[in-house]
Chemist: 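This is the structure I want to talk about, given as structure tokens.
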There are 2 protein chains.
Amino acid sequence: MTVTIKDVAKRAQVAPSTVSRVIADHPKITQETKEKVRKVMQELGYHPNLLARKLVTQSSQTIGIIRKTSSKHSLSDPFFPAALQGMSDLLHQKEYSILLTSGESDEEIYREVVNMVQGKSVDGMIMLYSQDDDPVLRLLLERNFPFVMIGKPTDHMDKVMYVDNDNVKAARDITEYLIRAGHEHIAYAGGDPRFEVHKDREHGYKQALKRANIQSEFMFRQETSKENAREIIKKIFDLNPRPTAIVTTDELAAMSILSALYEQKLRVPDDMAVTAFTDSMLSELSSPPMTTVNINPFQLGFEAAKTLIDLLENPSMMKRNILVPTSIVVRESCKKIKENEAIR
Amino acid sequence: MTVTIKDVAKRAQVAPSTVSRVIADHPKITQETKEKVRKVMQELGYHPNLLARKLVTQSSQTIGIIRKTSSKHSLSDPFFPAALQGMSDLLHQKEYSILLTSGESDEEIYREVVNMVQGKSVDGMIMLYSQDDDPVLRLLLERNFPFVMIGKPTDHMDKVMYVDNDNVKAARDITEYLIRAGHEHIAYAGGDPRFEVHKDREHGYKQALKRANIQSEFMFRQETSKENAREIIKKIFDLNPRPTAIVTTDELAAMSILSALYEQKLRVPDDMAVTAFTDSMLSELSSPPMTTVNINPFQLGFEAAKTLIDLLENPSMMKRNILVPTSIVVRESCKKIKENEAIR
DNA sequence: CTGAAAGCGCTTACAG
DNA sequence: CTGAAAGCGCTTACAG
């Protein structure tokens with residue numbers, strides 16, 4: 001039923017190997033034969049079987065993407081689609097396909113990765129997270145399998161290539177921005193510190209306070225769902241002195257906080273300043289639009305893919321890590337504290 | 001370097017075919033041989049080469065997902081990740097992998113699909129959209145290639161299996177909801193009517209007005225970016241009589257509208273009622289939380305994948321289309337118009 | 001219950 | 001410049 005290289009060869013009266021070379025546009029085949037063979041391919045509607053090619057060339061031209069889907073939260077977080085788009089852009093350009101993990105639990109994901117790696121389904125992998133003591137990371141390292149991490153490895157720093165923001169700096173910057181705006185009591189609502197990214201951002205927040213000689217520190221570490229946001233707001237407004245600003249570390253968290261404040265009829269930025277991370281359209285479209293750390297998720301994805309492809313094309317390449325710069329996009333969710341108010 | 005079935009066979013002193021059967025857990029192999037072979041597989045760290053298996057079984061155990069990435073807009077729209085998660089869940093359960101298209105333009109996407117289909121990289125496809133006069137659809141149909149569409153086909157209705165909401169009804173429902181709340185002048189801000197989904201929703205909106213004997217109709221069809229939203233709001237407030245409610249057809253559009261209203265210091269729902277579609281976390285987290293048509297995107301993805309797998313397992317199965325029910329989730333972005341006001 | 005052989009559809013040294 | 005042959009790593013009738 002399906003037409004193979006042999007059928008083409010027979011019809012064109014050449015050897016299968018010649019057809020194969022025509023497909024590859026091998027320079028040593030005459031223009032004449034090429035044309036003859038191509039004509040037959042047309043006629044027969046021939047299309048190469050990629051599976052067969054992959055088997056013999058031992059290369060899948062496919063990249064696996066490992067994502068954590070654990071929290072329901074992350075489903076709507078714009079980071080994933082943006083980073084995916086960045087990877088997708090570069091990989092498409094290089095003619096690589098994208099294979100996605102679909103597991104929920106850590107064990108499932110681990111098994112999928114084993115399958116991809118050992119089953120030769122992918123030539124390389126991109127990890128979309130960095131986590132303490134991660135079996136997936138260990139496996140990749142053990143097998144010496146090409147991969148790039150988005151985020152900073154907690155371990156084996158010298159062995160893994162990664163693409164990341166300077167998250168310490170990013171969080172420090174936004175905190176300092178608030179300090180410059182006159183805020184002295186600043187709360188932090190971040191994520192699970194088992195993930196490196198959150199460790200770094202906590203760190204940056206603390207650094208900023210320290211440098212400004214601010215003693216008070218208010219950390220909230222649970223996933224910032226709407227319910228948790230309510231609690232956080234409640235707690236914050238019970239505090240004395242109470243924080244006048246909240247640093248959050250993703251857009252959904254920021255929106256949850258905005259929402260909780262709205263419920264309490266508290267105004268942003270008048271009653272409370274709020275900042276976000278990521279900077280997708282959400283920050284622009286929220287009410288009020290949010291002042292946000294733009295971490296360039298598209299670029300993170302793009303550079304990760306690029307680094308991985310470079311590595312595959314040149315396996316002995318020097319290890320290199322890439323820091324994608326961040327910037328603060330000022331919108332309307334923070335305002336200056338008046339001098340006299342700042343002192344109270 | 002890599003250990004193959006032959007290596008295992010040699011070490012276990014059996015034939016390669018036996019090893020193959022052990023892997024497949026063939027019932028006619030003695031427990032004894034199975035154990036012996038499995039032990040050797042362990043020792044050698046054997047893992048089957050999936051590529052080879054796929055070539056010989058002529059099945060890739062992979063599903064291709066065709067998505068339009070054209071508009072930048074769609075990058076943050078929560079529909080895609082939610083539907084992806086639904087497909088992912090089912091496919092993972094059935095041990096299928098997911099291959100994503102990465103093309104931007106229609107031509108690129110088309111070429112990718114040709115490659116997947118002809119190159120035997122996927123066993124079936126899921127189309128995440130339905131569009132007029134679509135070459136991709138034509139190709140799939142011509143090749144008689146198994147696929148399921150999310151959305152309603154514009155053509156060849158009898159030949160394509162699809163999973164969809166009843167979008168006419170969904171839009172009618174939400175419009176009627178507003179009418180029941182006393183709104184008489186209701187604007188509609190929807191998307192490009194080349195996509196079937198938008199045609200249907202326009203239709204539903206109009207139906208509701210007609211049934212209620214409402215003459216005034218206000219349609220805005222451009223992609224509802226923040227800028228367009230500003231213009232829409234401006235136009236609406238110049239209208240006389242002016243609409244008191246806006247039906248939007250996705251969450252980002254709704255947020256844009258909310259944002260434009262916020263800029264003008266107009267209050268929702270007091271000055272304007274706004275409704276959304278999809279119902280991800282966004283509708284819950286916006287300020288105010290939005291009354292939304294829940295289209296169950298996860299379920300759409302899940303059912304599409306399920307239908308496709310059923311079809312692959314039983315190619316002669318009866319064509320079946322699935323309608324995923326929608327419901328209105330009432331939150332705070334609409335309120336009743338007072339009787340006396342409703343009359344003006 | 002197990003083995004030998006053929007074959008999935010390609011590519012790539014090796015010859016000539 | 002082109003062909004014959006071997007091989008990528010599996011699976012699956014066919015025998016016995």
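In what follows, every heavy atom counts, from backbone to side chain, and hydrogens, waters and symmetry copies are set aside. No experiment lies behind these values; they were computed from the predicted model shown.
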Chemist: Looking only at the side chains, is there a donor atom on one of B:S102 and B:E112 sitting less than 3.5 Å from an acceptor on the other?
Modeler: yes
Chemist: Does B:T33 put a side-chain nitrogen or oxygen below 4.0 Å from OP1 or OP2 of C:dC1?
Modeler: no
Chemist: Are there over 12 heavy-atom neighbours, none belonging to B:Q13, within less than 6.0 Å of that residue's CD?
Modeler: no
Chemist: Between atom CG in B:D7 and atom C1' in D:dC8, what is the gap in whole Å?
Modeler: 13 Å
Chemist: A:H26 NE2 to D:dC1 C1': how many Å, rounded?
Modeler: 9 Å
Chemist: With distance as the sole test, does B:N49 use its side chain to make a donor-acceptor pair with the main-chain N or O of B:A52 at under 3.5 Å?
Modeler: yes
Chemist: Indicate yes or no: at least one non-hydrogen side-chain atom of A:L50 is less than 4.5 angstrom from one of B:K120.
Modeler: no
Chemist: Partner of C:dG3 by Watson-Crick or G-U wobble geometry, both contacts under 3.5 Å, or none?
Modeler: D:dC14
Chemist: For the NZ atom on A:K34, are there more than 12 heavy atoms of other groups (residues, nucleotides or ligands in this structure) within a distance under 6.0 Å?
Modeler: yes
Chemist: What is the distance, rounded to the nearest whole Å, between atom NZ of B:K36 and atom C1' of C:dC1?
Modeler: 12 Å
Chemist: Using a 4.0 Å heavy-atom cut-off to protein, can you give one letter per nucleotide of nucleotides 9-16 of chain C, 5' to 3': B if the base is in contact, S if only the sugar-phosphate is, - if neither?
Modeler: BBBBBB--
Chemist: Would you say that more than 12 heavy atoms from the other residues, nucleotides or ligands in this model lie under 6.0 Å from the NZ of A:K319, or not?
Modeler: yes
